[in-house]
Amino acid sequence: MASFLRLKREFDSEASHPLRMTFVSAAEAHCAGMSVILSPARPFPADWNSRRILPGPPADTATTLLLRHGVTVGLGVNADYDARNARFEMAWAALDSNGTIVYATALALASTNIIERALGVDPGTQEDVDDLVVLEGEGMFDFESKVIGVISARQLF
């Protein structure tokens, strides 16, 4: 990671636009201007090398610490089948933050922070990105809610 940061600094000093870098699972990257996709969203010390994770409440989580340092944070998944649980990971991030992550920020963790800010994908005009998700239940982060409909101009479901 240190080599990439030196490369970025060198590139930025000579180029007309900054180099965009995104690290996956680099929770220790407290560098402003960098993006980090936490994958898994809630780290677990599965082996000896991952033993220095942040424990979470009442202390900081990796998500809250990185956000406090101005890092663009996204919540990733380890496998395709985990994508269906992204809304639960957003909810856990908000719950573990002791009130520092609000609803809009939690939604951005698995959407605009990854797509637009970290990866730099231009969503196009506003009419191209308006999607409507219909939920049955209390809300997006409620564990008992379920998606009952999606309306999208980009894709038929």
Test: D60 and R68 ion pair at under 4.0 Å = yes
Is there a donor-acceptor contact under 3.5 Å from the side chain of [X] to the main chain of [Y]?
| X | Y | result |
| --- | --- | --- |
| N113 | A118 | no |
| T22 | V36 | no |
| K8 | L19 | yes |

Side chain to side chain contact (heavy atoms under 4.5 Å, CB included) between L67 and T105, worked out | CA-CA 10 Å; L67 287 173; T105 304; 4.3 Å; yes
Considering all heavy atoms of both residues, which atom of [X] and which atom of [Y] are nearest to each other, and what is their separation?
| X | Y | value |
| --- | --- | --- |
| L38 | A62 | CD1-CB, 4.0 Å |
| V24 | S39 | CG1-CB, 4.0 Å |
| A94 | A106 | CB-CB, 4.2 Å |

Nearest 0.5 Å, what's the CZ-CG distance between R87 and L109?
-> 16.0 Å
To the nearest 0.5 Å, atom CG of L75 lies from atom OG of S111 at 10.0 Å
What about F88 and L95, same hydrophobic cluster or not, with Ile/Leu/Val/Met/Phe/Trp/Tyr joined at side-chain heavy-atom distances under 4.5 Å?
-> yes
Honestly curious: do V102 and M90 fall in one hydrophobic cluster under the side-chain, below-4.5 Å linking rule?
-> no
Sub-4.5 Å side-chain heavy-atom contact between T63 and D96 | no
State, with a plain yes or no, whether a side-chain heavy atom of I114 is found less than 4.5 Å away from one of I37.
-> yes
Step by step, would you call T64 with N98 a side chain to side chain contact (heavy atoms under 4.5 Å, CB included)?
-> CA-CA 9 Å; T64 57; N98 294 324; over 6 Å; no
So does N78 have more than 12 non-hydrogen atoms from other groups sitting under 6.0 Å from CG?
-> yes
Are there more than 12 heavy atoms of other residues, nucleotides or ligands under 6.0 Å from atom CZ of F4?
-> no
List the steps, then state whether side chain to side chain contact (heavy atoms under 4.5 Å, CB included) holds for R42 with E89.
-> CA-CA 8 Å; R42 289 178 289 144; E89 295 299 343; 3.0 Å; yes
